[in-house]
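The next block holds one structure in the form of structure tokens; read it before the comments.
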Amino acid sequence: MSLSYPLQFVNLLAALLLLISFAMLSQRRVVGLITLFAWQGAALAASTAIIAWSTGQHHLYYSAALTLILKVIAMPWFFYRIVRQLDVNREVESMLNIPTTMLIGIVLVIFSFNLALPISQMAGTVMRSTLGIAMACVLLAFLMMITRRKAITQVIGFLAMENGLFFAATSATYGMPLVVELGVALDVLVGVFVLGIFFFQIRESFESLDLKHMEKLREK
Amino acid sequence: MFVLAGFDTHFLDLAWAGVLLWLVLGFSALLAQRSKNVLLRLIFPLGGGVALCMAAIGLAGLTAPPATLVLPIGLPDLPFHLRLDALSAFFLLLLGSASFGVTVYATGYFRSMKSAPLALLGLWYHLFLAGMAMVMLADDAYAFMVAWEVMALSSYFLVTTDHDVPEIRRAGFLYLLIAHVGAVSLLLAFGVMQGGNGDFTFATMRQAEMTPYWASVTFLLALFGFGAKAGLVPLHVWLPEAHPAAPSPVSALMSGIMLKTAIYGLLRVTFDLLDVQLGWWGTLALALGLITALYGVIFAAVQSDMKRLLAWSSIENIGILLAAFGLTLIFYTDGKGALAALTLTAMLYHAINHAFFKSLLFVGAGSVLHATGERRMGKLGGLIRFMPWTAWLTLIGVLAIAGLPPLNGFISEWLLLQAFLLTPGLTQPYLNMVIPVAAAAVALAAALAAYVMVKFFGVIFLGQPRAPALVHAHEASWPERLGMLWLAAGCLLLGLFPVQTIAAIAPVVRLLTGQALVNAGNWLLIAPLAAERAGYAPLLFLAVVLTVLLLSFIWVRRVYHGRVRRADPWDCGYPEQDARMQDSAEGFGQPIRHIFAAFMRVERETPDPFDRHPHYRGDSRDKLWLLLYQPIARLTGWLSDQAARLQHGRIQWYLMYSFATLVFLLIFVSH
């Protein structure tokens, strides 16, 4: 069985996405995390562009451009600036040690492949087999949010999850309508800015971005 | 504008217009918050006028054929249905006639309030009246529940009129809590009755055929829900807290009328909406009613706060009503239609009687409270000299509630006891054996109620003033007196014309049980079922009593010695007597407290013999509060603490919750 070259390339990029997700799980430094996030965005933009070219879905070009501008250029730049200003590029403590996290991640990947199997059989797209990878990316990003302590890593995890969702949408149904994608992109942008402001506020109140200080906020 | 269905919608239109007027008056009270004169001279009297019209509509609606109306308000596709049949009309009559007296009284009573809180009170007061009327008119579960909640919420705000007092806030909270527990139960009952077809009109519920199992579930839910509103033991705890907390006219409305809406709902659901009735429901209601009646009257006997005493007495009366309801069910399911009609007549009669005399007593207590600023009976006494109007009018209410002829309380209790005496006709032998005991319990409750009322009247109005300031107590204002006069007149007329009253109630009884009470007497003599069994002619009785009184008065004053002799009273060998030697409220209730000590927890502080300022405090607490409510409260607290553990403050844990939910849902979806 042979696949067309564009599809093989998309599969390669999908594998890369998954690999980057695992890399993010194991990355200990914030700057490294941001770089990985940018690379993930780049892989996503490239795969979207290839799908747009091979299937003739022109609106996906816009999505790819949007991803490139927002997730590869604007947000990483913004995060680098914050890290520099707040001086938080120390080692990121995680709640679990990294090998355990990786093992859990592998379980999640198997789980999502299992899950995606019946769904991808129903989908009519050329690259339905990547749906499992997309779901795995979502769950791995979620796992990263759970295991990290710094506020900034939570936000990166959140954005990585959005990447996974975006990828799932393109692989299952050739993307969402452009209006929805524009809306989501705008939401993410605004969300990141709001969170950026929060970082400064949290930092000012607790002298740190470590979320364990927020435990005081519970009722008793 | 209105979609009219059926015929003769005349009275129902008027009733609905009355509800609207009350709503308009309530909101215009808010607009008039600058001027007390407008509020007291215009809005409240107009509200009273509407009440009187409601009473007239109710009276006319008793004999009119049932009318229905669909209102274009409510949710889309879920309009309000209204219906006026004899049962609604009877309770509308009760509402209108009693609330008229209370509202007239209120125009005098609220004179001392500031205008801004008074405007707010005016809003809730009229909303409360409108809500109660809507409960009686509603013909679908949706409208019923909306009206029910309007009634509960507006009365909550009325109870917490003096919300700066922490105890009043606490009482209000307790009331709101139990009201909502009850409302949830009612919602479930209606849910069971509509049976999943999504149609909440009472018309469909009447058509529905239910299995005995689901009918029983509905009945139990309704009994719980309405019992919470009525003050059925063990759901009575809010009553002795909320009634003293509310301003007196509000207590009068709540006790006299609002408790009856629960009775109305119970009758509506059991006899009208459900198509089957089971005998054991009646036994259950009878047992619960008797427990409530005895529990209420025993606690009434040991109270020393006059409004709390009246609240407990309301619980007793609700118990009697419920016992009558249970007995009606027993007779009805046993196929004894005539006896069921007798019992139901007694019950409805007692409901309207209680509306009058309990309202009268509450407003009378309100006047005393206004004049003296004191609710504790231990600080009152001898008020008959300073407040003769209040005292004499209250005396009528006291005699009525104590069940003395020729007043109204006697008739309903007499009818009920007649019904109890007829139980040997029942086909179930074990009921035959048990019910005489129930009759004895009703008689005991009635006798104890008389005891309670002797205490109430004696301690407050007779004897010597227990505090020096009482000599400055002022008489009630004219509107207050007029309101009390109306209510007292109601007690007297209901007592003197039982034959006519029973004839007026007959359509309701016929609607619910299929036949009406047969009066074997004539227009003067009431003789249920058979003239040779028992009969009572109140007008003749009154004539004989008055004649005997007159004759003995003349004989003593003119014939016997004919002169007035003034001398010191016999002093039992004590040369000095003062007000503190009188029997006190605590002292009067002491025998009851001893006999029924098992029901209550008595807290007592006795003074030290060498204390220069001796202080005595005795308090009888409801044991159910300790045995039932506190464990529930503790359990709820414990469960909440467990639930609060979910809140760590750690964002990772919160993410974990969403993550676990997501994974769970994914697994769920994939299978």
Side-chain angles (χ1 to χ4, degrees), chain A residues 92-96 101 104-105 107-122 131-132 134-136 138-155 157-158 160-161 164-165 168 195 198 202 206 209-220, chain B residues 153 156 160 163-181 184 238 625-626 628-671:
Chain A
V92 182
E93 318 100 282
S94 76
M95 310 260 290
L96 283 171
T101 320
I104 297 176
V107 172
L108 284 179
V109 172
I110 296 168
F111 169 69
S112 30
F113 269 77
N114 235 328
L115 197 69
L117 202 63
I119 304 172
S120 58
Q121 276 166 355
M122 282 188 296
L131 190 62
M135 279 174 126
V138 172
L139 292 181
L140 287 175
F142 213 143
L143 185 65
M144 191 180 91
M145 284 176 80
I146 292 174
T147 52
R148 298 301 168 90
R149 282 212 177 128
K150 285 275 193 308
I152 195 159
T153 49
Q154 307 266 316
V155 177
F158 174 70
M161 207 159 88
L165 280 177
L195 288 167
F198 270 138
I202 293 170
F206 297 116
L209 274 184
D210 199 325
L211 290 175
K212 74 174 182 227
H213 297 290
M214 312 253 291
E215 285 174 29
K216 284 182 223 151
L217 296 180
R218 66 177 175 172
E219 239 171 62
K220 55 176 178 173
Chain B
L153 286 178
Y156 164 75
T160 52
H163 49 79
D164 38 348
V165 183
E167 281 146 35
I168 288 182
R169 283 202 301 273
R170 221 183 127 247
F173 175 75
L174 185 65
Y175 169 50
L176 198 63
L177 182 74
I178 294 189
H180 278 93
V181 171
V184 168
W238 63 272
W625 180 259
L626 302 172
L628 187 67
Y629 282 85
Q630 284 192 353
I632 290 178
R634 272 201 298 273
L635 182 70
T636 314
W638 182 79
L639 283 176
S640 322
D641 281 346
Q642 299 307 308
R645 288 188 179 193
L646 285 176
Q647 191 208 9
H648 293 271
R650 265 194 218 167
I651 201 157
Q652 281 86 3
W653 275 103
Y654 298 154
L655 288 170
M656 197 72 183
Y657 298 146
S658 342
F659 187 69
T661 315
L662 181 69
V663 169
F664 172 77
L665 286 178
L666 284 175
I667 293 173
F668 183 75
V669 166
S670 66
H671 282 289

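Note on naming: letters A, B, ... go to the chains in the order of the sequence lines (proteins, then strands), and numbering restarts at 1 for each one. All of these numbers come straight from a predicted model, not from anything done at the bench.
More than 12 heavy atoms of other residues, nucleotides or ligands shown are found within 6.0 angstrom of CD on B:Q630. More than 12 non-hydrogen atoms from other residues, nucleotides or ligands lie less than 6.0 angstrom from OH of B:Y657. The number of heavy atoms from other shown groups lying within 6.0 Å of CZ (B:F659) is above 12.
For chain B, the nearby part of A:L108 is the side chain; its heavy atoms alone come within less than 4.5 Å.
Minimum interatomic distance between A:L115 and B:L666 (heavy atoms only, all atoms of both residues): CD1-O, 3.3 Å. Of all non-hydrogen atoms in B:I667 and A:F111, the two that sit nearest each other are CG1-CE1, 3.3 Å.
Atoms CG and CZ, from B:L655 and A:R148 in turn, are 13.0 Å apart once rounded to the nearest 0.5 Å.
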